[in-house]
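The chain is numbered in sequence order, starting from 1. The structure displayed is predicted, hence computed values, not measured ones.
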Amino acid sequence: MAASDVVVGVDVGTGSARALAVARDGRVVARASAPFAGRASWPPGQADPNAWRAALDEALMSLGVAPAALAIGSQSPTTVPLDGRFALTVRHPAGITLSPHEQHLAQRDVLATRDVCQLWDWLLRSLGADAVQTRWPGDPSLDGYGTLRRTGEVVGSASGEWGVPAGTPLVGGAQDAYLAFWAGGTDEPGRAVDPGGRTGGLAVAVDAGSRPDGMYALVSAAPGVDVVGGPVAAHGLMLEWLSSLTGLDEGSLLSLAAEVPPGAGGVVVLPYLEGERAPRWNRDLRAEIVGLGSEHTRAHVARAALEGAAYGLRHIADSLRDAGVAIDVVVCGGAPARSRLWCEIKASVLGVPVEVPSEPDLAAYGAALAAGAGIGWWPRPGSPSARTGAWPRPSTTIVDPVADAAYERGYSQFVALGDAAVARLSKEPPCPTPTA
């Protein structure tokens with residue numbers, strides 16, 4: 001395939017770099033990924049930028065295409081010091097209870113240097129881009145992070161190192177969740193996206209004039225549309241943790257979960273391994289497995305973990321519906337979208353159809369949209385020419401909801417258990433927050 005036939009988008013996530021080559025009609029023509037070497041030894045909330053750089057190189061080399069343009073997105077808020085020290089990730093306690101903008105600044109203060117970058121900007125700079133900070137439309141600039149540019153703008157050209165042909169346009173990306181929302185179609189009111197992955201969450205497109213007060217929100221790629229909702233802390237991580245505990249890989253756990261009917265035999269999981277973000281916003285919460293009896297097996301716990309993630313999404317959805325936000329369909333992305341069972345559970349618990357994309361790496365797909373926007377294939381997000389439906393989306397299959405009283409009982413218990421956990425914490429002294 002000729003260089004002008006594809007653009008490349010890369011998502012640098014929590015465990016690997018994932019690259020997609022996307023044609024102008026939206027087809028994914030190649031994909032590759034590479035894990036981060038040494039990740040298991042990184043201190044909590046920190047990461048080795050050189051491992052990110054090596055994984056990016058490996059993924060691009062494995063992809064084997066010469067792109068018309070390249071864009072990168074990544075986990076965020078994550079701050080990389082230019083002197084090569086360990087970076088601080090979204091899991092670092094600095095500023096973790098604050099807004100994403102404030103969390104970035106708190107990370108910068110902990111690093112005690114003004115020479116810092118967002119992760120995707122740092123990686124683009126290593127390829128030859130200018131010293132800029134690329135921010136999603138509407139996001140405020142970050143003091144000390146470089147000259148402000150917007151997602152979808154060309155920020156330099158490749159120097160010819162690291163397997164990217166010299167002169168390739170390098171295009172500013174964004175945080176992975178925003179890119180996933182874009183790829184999932186949150187330019188159309190009523191559409192919602194769960195980006196999946198290690199964390200997850202729920203983002204719903206609304207008319208710009210109907211954004212509920214006091215709710216986490218951003219502007220959509222299409223003018224006149226906003227996105228509201230919130231992230232969660234550990235939905236995919238809960239299954240990852242269970243895998244490490246049992247010695248079974250995640251595929252085996254999903255197979256076991258399919259053997260258990262809805263309701264998981266009365267077992268309920270609160271997936272709060274790293275506290276919880278929306279809608280509770282309490283980092284001191286911890287995971288719970290409730291209702292275990294001698295008759296229960298690993299299969300019941302695995303099923304309960306899947307259902308607990310769905311209940312967490314519904315908890316956000318209910319708070320949105322209470323504020324007048326309509327949800328017509330939910331697009332499920334990330335690794336959880338590869339499980340038909342998990343998508344069926346989410347559809348039934350949420351009570352709306354779920355769209356399962358043929359390419360679940362929505363953040364990498366969104367980065368490819370940014371790359372294409374940079375060279376004029378599609379409008380840049382927030383630009384005057386942008387409009388609903390102006391960008392391609394991966395093809396999807398539909399999973400329809402199936403009402404089940406067991407899910408209603410499980411969800412009620414999930415909320416009650418979470419309320420009780422919050423009440424207990426209110427009577428205990430807060431956990432100390434590390435400063436480094």
Side-chain angles (χ1 to χ4, degrees), residues 13-15 91 194-202 231-280 282 285-317 330 332-350 354 356 360 399 401-402 404 406-421:
T14 55
R91 297 177 65 198
D194 168 21
R198 201 170 188 267
T199 54
L202 199 64
V232 294
H235 282 184
L237 176 59
M238 196 73 210
L239 194 65
E240 182 181 316
W241 172 83
L242 189 59
S243 173
S244 67
L245 185 71
T246 61
L248 298 174
D249 61 43
E250 293 176 24
S252 297
L253 288 172
L254 289 168
S255 295
L256 285 174
E259 300 173 1
V260 177
V267 179
V268 177
V269 165
L270 300 184
Y272 300 158
L273 287 171
E274 296 184 346
E276 185 55 299
R277 291 188 279 182
R280 295 195 180 278
N282 191 325
L285 287 167
R286 287 298 176 262
E288 299 180 22
I289 303 175
V290 179
L292 284 174
S294 59
E295 72 277 15
H296 292 121
T297 66
R298 294 175 297 186
H300 291 90
V301 179
R303 176 83 188 207
L306 304 187
E307 294 179 355
Y311 296 151
L313 295 180
R314 178 166 166 184
H315 200 191
I316 301 172
V330 175
C332 289
R338 302 182 191 277
S339 166
R340 173 80 182 190
L341 172 64
W342 210 344
C343 292
E344 289 173 350
I345 291 171
K346 289 178 180 179
S348 297
V349 169
L350 290 165
V354 159
V356 183
V399 176
V402 178
D404 195 305
Y407 289 140
E408 294 303 313
R409 291 192 298 270
Y411 176 64
S412 295
Q413 190 174 2
F414 175 91
V415 174
L417 289 168
D419 290 345

Which atom of Ala337 lies closest to which atom of Cys332, heavy atoms considered: CB-O, 3.2 Å

Heavy-atom side-chain contact between Asp419 and Arg280 under 4.5 Å: yes

Smallest separation among heavy atoms of Trp241 and Leu273, with atom names: CB-CD1, 3.6 Å

Side-chain donor/acceptor of Ser412 to backbone N/O of Glu408, under 3.5 Å: yes

Listed partners of Glu288 passing side chain to side chain donor-acceptor pair (under 3.5 Å), at least two apart: Arg424

Any Val399 side-chain heavy atom under 4.5 Å of Arg340 side chain: yes

Considering all heavy atoms, the nearest Val260-Gly265 contact: CG1-N, 4.5 Å

Heavy-atom pair with the smallest gap, counting every atom of Ala310 and Ile345: CB-CG2, 3.8 Å

Listed partners of Arg303 passing side chain to side chain donor-acceptor pair (under 3.5 Å), at least two apart: Glu307, Tyr407

More than 12 heavy atoms from other groups under 6.0 Å of CZ on Arg298: no

Residue pair Val267, Leu292: steps toward the side-chain contact (heavy atoms from CB on, under 4.5 Å) verdict: CA-CA 6 Å; Val267 179; Leu292 284 174; 4.1 Å; yes

Full working for side-chain contact (heavy atoms from CB on, under 4.5 Å) between Val301 and His296: CA-CA 8 Å; Val301 179; His296 292 121; 5.7 Å; no

Ala233 backbone acceptor or donor facing Glu276 side chain under 3.5 Å: yes

For Leu285 against Ala421, the heavy-atom pair lying closest together: CD2-CB, 3.7 Å

Euclidean distance, Lys346 NZ relative to Leu341 CG, rounded to 0.5 Å: 11.0 Å

Any Val290 side-chain heavy atom under 4.5 Å of Leu270 side chain: no

Interatomic distance, Ser244 atom OG to Leu239 atom CG [nearest 0.5 angstrom]: 10.0 Å

Minimum side-chain heavy-atom gap Leu254-Leu306 below 4.5 Å: yes

His315 side chain to Pro279 backbone, donor-acceptor under 3.5 Å: no

Side-chain heavy-atom pair Ile316, Val232 within 4.5 angstrom cut-off: yes

Salt-bridge present (Asp404, Arg409; N to O < 4.0 Å): no

Side-chain heavy atoms of Pro336 within contact of His235, under 4.5 Å: no

Shortest non-hydrogen separation from Pro271 to Ala234 and the atoms involved: O-CB, 3.8 Å

Any side-chain heavy-atom pair of Leu256 and Leu248 under 4.5 Å: yes

Worked verdict on Leu350 versus Leu313 for side-chain contact (heavy atoms from CB on, under 4.5 Å): CA-CA 8 Å; Leu350 290 165; Leu313 295 180; 4.2 Å; yes

Salt bridge (charged side-chain N to carboxylate O under 4.0 Å, His left out) partners of Arg91, counting only residues at least two apart: Glu274

